[in-house]
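These numbers come from a predicted model, not from an experiment. What you see below is based on every heavy atom in this structure, not just the backbone, and it leaves out hydrogens, waters and symmetry mates. Below, read A as the first sequence line, B as the second, and so on, with proteins coming before strands; counting in each chain starts at 1.
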There are 2 protein chains.
Amino acid sequence: MTASRTARERVRAELTREIVEIARRQLATEGAGGLSLRAVAREMGMVSSAIYRYFPSRDDLLTTLIIDGYNALGEAVERADAAAPGGDFPGRWAALCHAVRDWALAHPHEYALLYGSPVPGYQAPQDTIAPRVRDLRVFGAILSAAQRAGALVPPAAPVEADPALAGEAEASLAELMPGVPGDALLRALSAWTALYGWVSFEVFGQFKGAFEDNRPAFDHMVRALGATIGLTRA
Amino acid sequence: MTASRTARERVRAELTREIVEIARRQLATEGAGGLSLRAVAREMGMVSSAIYRYFPSRDDLLTTLIIDGYNALGEAVERADAAAPGGDFPGRWAALCHAVRDWALAHPHEYALLYGSPVPGYQAPQDTIAPRVRDLRVFGAILSAAQRAGALVPPAAPVEADPALAGEAEASLAELMPGVPGDALLRALSAWTALYGWVSFEVFGQFKGAFEDNRPAFDHMVRALGATIGLTRA
DNA sequence: CAGTCGTCAAGAGCGGTGCTCTCGTTTTCT
DNA sequence: AGAAAACGAGAGCACCGCTCTTGACGACTG
């Protein structure tokens, strides 16, 4: 096993884990801006400079929190999709949407870290691009499967898309959503932005409380979006 | 006129204006987190404590920047809408959308301040709620006018909405969008979240560069959204 | 006109931050 | 066993928001 050749490596891994855990707790309570290396060190009974043995900078700690966040969200989405019947494509889409919203509402500060304003001066490194698209990958799997099953049918009177634009969408999403025609991809992209636009509005408090309970309204939107995409049952 | 009774009041107003201007410049270059009262004071040749004669705290300065931001965005949207032919409701909707996107791309940090993660520990005071909905007010004017002109027609096969939900939407948006039926309001809300979801994705860098130029794709989405809302020419 | 009173910029200072460097100590590797 | 690497602790730098005090200047009033 890879488990801890030397005692030093073992305690190092453990301390690293503990730092991240405390940092995530601070992130959940204080928000991204309130994350303080000194506070983490204080809570661990360490001196602030010792933290730098484990994370070379605050941004590096933020990066692991971001990666963890994308993975947590991606896992939640994958679980929700897996729980829905494979051929019920509108249902899988709805499950995906509710998973995103539920996770975001349960972890607002982490969601803000992922989809809110970028932290000033922070540049996301390459390591984040793979976990970042885990949710999109699930969406792509649903779309591709629906397409293969013949359950992805254009809505009644579609707005015709410029063929060049559709081709560009196909090329750029060929890996994530193979086989899906370009105009469907464009409709899917619109639905995707509506999903995250809604969740961001809700998490960031832009919904002044228009609805007593936002969930039914969200659910209605999600169903309508599914129909707009062209998802039907297999 | 209200203009400056005493010389003291005049210079005070001028200094306040200059502080806000410098702060906005810092906001544009450094982002919200990089806004520093000391830096503003330094640039003005003042001592940091003197700033507090004009703004009791950093948050108060942020509040005026936020209000100014909402007003700038609202003005841009209002201008764009006014420039479009009054009876061309899809065109007015598209003009609104492009105005939002153009303004956001031109002022990414200010957009982040308005629609990104809330500043930690900052609570938006009451003064911000009126400017905050200036864009929505324009959207409401378009919808209400289209409805009055009989140019707001449901799409071919609408997803039926729960009457209670539609009624709740009507009640909560009665002031901003009078006369618009509830199911149309729900479609409009979906389009609204798609609009801001797209812009947020683009400004916050979530679009890895899927398109060489995002504008045509955005324009296509906007047109499709207009059709989904049910907007037609008068 | 003189005096009082409020407003102002300035300075020192408090507690906090991220981060760097050095210094002994301890653990690992050769 | 000795060299090398990793480690925690401490001091220190420059920065931050914010508070309090001090002395000067301008504006109203007797």
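- Summarising the geometry, the separation between CZ on B/Arg42 and C1' on D/dA14 is reported as 10 Å, rounded to the nearest angstrom.
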Residue pair B/Tyr115, B/Val100: steps toward the side chain to side chain contact (heavy atoms under 4.5 Å, CB included) verdict: CA-CA 12 Å; B/Tyr115 292 100; B/Val100 170; over 6 Å; no
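- Boundaries of the chain B contact region on DNA chain C are C/dG6 to C/dG13, first to last in 5' to 3' order (nucleotide atom under 4.0 Å from a heavy atom).
- How far CD1 of A/Ile229 is from CG of A/Leu186: 12.0 Å, rounded to the nearest 0.5 Å.
- Among residues two or more places apart in sequence or in another chain, the side chain to side chain contact (heavy atoms under 4.5 Å, CB included) test is passed with B/Arg101 by B/Leu105, B/Trp198, B/Val199, B/Glu202, B/Asn214, B/Arg215, B/Phe218.
- Applying the ring-ring contact (aromatic ring centres under 6.0 Å, His included) test to A/His107 and every residue at least two apart in sequence or in another chain returns A/Trp103.
- Screening A/Ser200, A/Cys97, A/Ser190 against A/Leu195 for a side-chain contact (heavy atoms from CB on, under 4.5 Å) leaves a single residue, A/Cys97.
- A salt bridge is absent between A/Glu14 and A/Arg10; no separation between the charged side-chain nitrogens and carboxylate oxygens falls under 4.0 Å.
- Considering all non-hydrogen atoms of both residues, B/Trp93 and B/Val222 come closest at NE1-O, 3.0 Å.
- Where the helix from C/dC1-D/dG30 to C/dT30-D/dA1 starts and where it ends, the local axes point in directions that differ by 0°; five pairs per end, rounded to 10°.
- Proximity of residues 46-57 of chain B to DNA chain D (heavy atom under 4.0 angstrom from any strand atom) is restricted to B/Ser48, B/Ser49, B/Tyr52, B/Ser57.
- No donor-acceptor pair under 3.5 Å is formed between the side chain of A/Ser48 and the backbone N or O of A/Ala41.
- Taking atom CZ of residue A/Arg12 and atom C1' of nucleotide D/dA6, one finds them 8 Å apart after rounding to whole Å.
- For the pair B/Phe211 and A/Leu165, the minimum side-chain heavy-atom distance is below 4.5 Å.
- As rounded to whole Å, 17 Å separates atom C1' of D/dA14 from atom CZ of A/Arg58.
- The separation between B/Leu35 atom CG and D/dG17 atom P is 8 Å, rounded to whole Å.
- Ion pair B/Glu175/B/Arg137 flagged as a salt bridge, since at least one NZ, NE, NH1 or NH2 atom sits closer than 4.0 Å to an Asp/Glu carboxylate oxygen.
- Rounded to a whole Å, the CD atom of B/Glu30 is 11 Å from the P atom of D/dC16.
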Which atom pairs, donor and acceptor, lie under 3.5 Å between side-chain atoms of residues 62-75 of chain B and protein residues at least two apart or in another chain?
| from | atom 1 | to | atom 2 | distance (Å) |
| --- | --- | --- | --- | --- |
| B/Thr63 | OG1 | B/Asp59 | O | 2.9 |
| B/Thr63 | OG1 | B/Tyr122 | OH | 2.6 |
| B/Thr64 | OG1 | B/Leu61 | O | 2.9 |
| B/Asp68 | OD2 | B/Arg24 | NH1 | 3.4 |
| B/Tyr70 | OH | B/Leu114 | O | 3.3 |
| B/Tyr70 | OH | B/Arg132 | NE | 3.2 |
| B/Tyr70 | OH | B/Arg132 | NH2 | 3.1 |
| B/Asn71 | OD1 | B/Arg134 | NH1 | 2.9 |
| B/Asn71 | ND2 | B/Ile67 | O | 3.3 |

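- For the pair A/Arg10 CZ and D/dC7 C1', the interatomic distance rounds to 17 Å; values are reported in whole Å.
- Spacing between atom CD1 of B/Ile19 and atom P of D/dG17 amounts to 13 Å, rounded to whole angstrom units.
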